[in-house]
Amino acid sequence: MALLELDDVSVHYGRIQAIHDMSIHVEEGEIVSLIGANGAGKTTTMRAVAGLLGLSGGSITFDGDDISRTKAHLRVVRGISLTPEGRGIFPSMTVLENLDMGAYARKDKSSMSADFDRVFDLFPRLKERQKQSGGTMSGGEQQMLAIGRALMAHPKLLLLDEPSMGLAPQFIRQIFRIIKEVNQQGTTVLLVEQNANQALKLANRAYILETGRITREGSGAELAADDAVKAAYLGG
Amino acid sequence: MSMGKDPLGGVHAEQQEDNAQAAEDQPRSGGVLGGVRRWWAGLERWQQWILLAVFLVLVLLLPVINPPIISTPDTDFSIACFNMARFALAALGLNVVVGQAGLLDLGYVGFFAIGCYVAALWTSPDSSYVHIPYLFTLPLAMVVTAFFGILLGVPTLRLRGDYLAIVTLGFGEIIRLLANIVPALKGNTGFQNIGMPPGTRDGKPLFENGTAWYMLTVLIIVAVMLLLGNLERSRVGRAWIAIREDEDAAETMGVPTFKYKLWAFAIGAAIGGLSGALFAGQVGFINNQRFDVPTSMLFLAAVVLGGSGNKFGAIIGGAIVSYVPDRFTGIADYKYLIFGVVLVVLMIFRPQGLLPARNHLLAAIRRLRDWVGSAPSGTPSTAATGATSVSLGKEKDR
């Protein structure tokens, strides 16, 4: 059974429908990418999975339970963690405090020390900057912080919304390398990206999203080799 | 070192742990304020206690000392002091809503009014309700206003930013209009001889003059600050800051944002109601003429002036907003103009207010450090990088 399953999901903003009968699934241990242009509905999908947007149709199943009506703050407890578009770090809090907020929903505070170590292993930069307030860091560092913060919740499923947005190339490579590492440590990843090239390379499977509808799906390698996908998303 | 022992709500807990690094930790608070903070952080705990006690005694004795320059020419100084204290208390409550949780409330006077009417309805001979001793109306006013806070919050706290501000503005007006319309609230006629606490001195009621009212209110402020300090350092306080900074992110961290916004509303309302009940008792007369929109704006101005999110700032802001028109009666008619100009100037040169909100969460620091194991390096180089990148980072993120 899939870890995450969206079944005929529709999402409306007022009268405008942003997502049309979307059905996707993410298996445990996978990295799945959602590729699409601006306004295709990628972020909307992520926010719906995280619980920040209500569904107007369909259902979301996570780990065997229907969570369509579960509030966002309770989905975290179940194991879904979102790194939002634009990172959404708390600017006046220090790096440490941001990470601590990531563990807000957790009951077992005993292993916190190990979690900090894990995050600092992945992001040595955050360890150097732990007393700095989040708002004063560079975009790349903030992205690291946002991912680290999401990991502090011990998610089964990590939702990453445009982690490469606005970052310098060396940061992008680093972020993608870390996503792979996080995945190898056992966290399932659903990744939304405009950077289709990198996202397809990284993903086990991918979906192409166009104006709120899934138009193609396949393995990352398959889609990367597909002529139409190449033309539309990979610059020829 | 136990933070719970800190006399004024542990605001300085973090600084004490960081004595050596205080300078580097406060890149934003240079100048006089930074100097005072560093001096304070360098003191022993018992020294801080003594200083605070002396300071509190001085504050309590303010109307008795009646210092010549500070004294108000046309208003009884003890009354002016009480007004400062009740404004400060109300600002303290509004600061929970606006400063801590980041919810713009433009109808705060509504809660103040409800507190006034609770005191009036249950103590004034003009009211046909059961009469209870005045002091019981203080907790009653808090309970009733907290209830109204929840009543207002449940339907409206799903709104954000400007929408919430508009609805709360309407709430304040609704309360004022209800005071006009509802017969039991006696409109313009109002209530006379509202009760006061017991006690006599030289055969006259102790609470006949402003001094006793002032002292009572200051002691209540201290108690409220201790409670709020504890709250700020709890999960609730962290949740509020997270909500203020990024509500969606807070929600996806597992913060039940709606619940904690409601908490902020209820607590803020209760403190506003308490201030109202004290006011009604001191004045002794309440009618529908005192609860207009500009009063809400004055409360808000007090919070912003003092430094939104800083409870000491709220108190100073509240005191200033009340004191200035009483002291400089010549300009009292222009007080809205003056506060308006002051706020505009303040927003240009010191947008964080007189006493800025503390940059760090207070409680988390020590605990986090234990978890992280090795003490953070906190080397000057790290801190310096932080300081220099402040302006750059801010611009990049907007």
Side-chain angles (χ1 to χ4, degrees), chain A residues 47 50-52 71-77 80-106 109-117 120 127-139 141-142 146 149-150 152-153 159 166, chain B residues 18 21 24-25 27-28 235 238-239 241-260 309 352 356-365 367-379 381-383 385-394 396-398:
Chain A
R47 288 172 65 84
L52 293 172
K71 296 223 166 65
H73 64 88
L74 298 176
R75 294 192 195 188
V76 193
V77 182
I80 300 179
S81 231
L82 170 70
T83 301
E85 184 181 19
R87 308 183 268 273
I89 58 148
F90 303 114
S92 85
M93 294 188 196
T94 64
V95 168
L96 271 187
E97 288 160 350
N98 266 284
L99 293 175
D100 184 44
M101 278 310 297
Y104 191 87
R106 282 182 52 195
K109 301 278 182 184
S110 53
S111 60
M112 289 281 284
S113 196
D115 290 325
F116 275 113
D117 287 345
F120 287 147
K127 185 163 190 171
E128 291 163 23
R129 300 269 159 121
Q130 52 188 284
K131 287 180 78 179
Q132 194 174 329
S133 54
T136 65
M137 300 203 305
S138 77
E141 290 164 345
Q142 288 189 5
R149 189 182 61 177
M152 289 298 288
L159 306 173
Chain B
D18 281 294
Q21 298 158 14
E24 292 92 338
D25 278 357
R28 279 173 57 190
R235 280 171 73 79
R238 288 198 296 149
I241 296 180
I243 291 168
R244 182 183 70 202
E245 305 233 307
D246 193 322
E247 196 171 331
D248 279 346
E251 181 79 25
T252 57
M253 299 293 108
V255 176
T257 53
F258 181 72
K259 179 176 124 188
Y260 283 135
Q352 68 273 39
R358 302 202 31 80
N359 245 358
H360 307 301
L361 294 182
L362 308 167
I365 306 295
R367 196 164 43 93
L368 289 175
R369 234 167 253 174
D370 293 344
W371 273 327
V372 173
S374 59
S377 52
T379 54
S381 65
T382 324
T385 324
T388 46
S389 59
V390 165
S391 53
L392 289 171
K394 284 256 150 100
K396 239 185 280 175
D397 294 324
R398 297 297 148 189

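Just so it is clear, the model here is predicted, and its values are computed rather than measured. Convention: sequence-line order gives letters A, B, ...; per-chain numbering from 1.
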Do you know the tightest heavy-atom contact between B:Glu245 and A:Pro91?
-> OE1-N, 3.0 Å
Out of curiosity, B:Lys259 NZ to A:Lys71 NZ, how far, rounded to the nearest 0.5 Å?
-> 11.5 Å
Distance, nearest 0.5 Å, that separates CD1 of B:Ile241 from CZ of A:Phe90 = 10.5 Å
Drop me the distance from A:Leu82's CG to B:Asp248's CG, to the nearest 0.5 angstrom.
-> 9.0 Å
Chain A: which of B:Ala249, B:Ala239, B:Ala242 shares the most heavy-atom pairs with it under 4.5 Å?
-> B:Ala242
Kindly compute the distance separating OG1 (B:Thr252) from CE (A:Met101), expressed to the nearest 0.5 Å.
-> 9.5 Å
Roughly how far, to the nearest 0.5 Å, is OH of A:Tyr104 from CZ of B:Arg235?
-> 4.0 Å
To the nearest 0.5 Å, atom CZ of A:Arg106 lies from atom CE of B:Met253 at 13.0 Å
Chain B contact via A:Ala153 - which portion, at a heavy-atom distance below 4.5 Å = neither
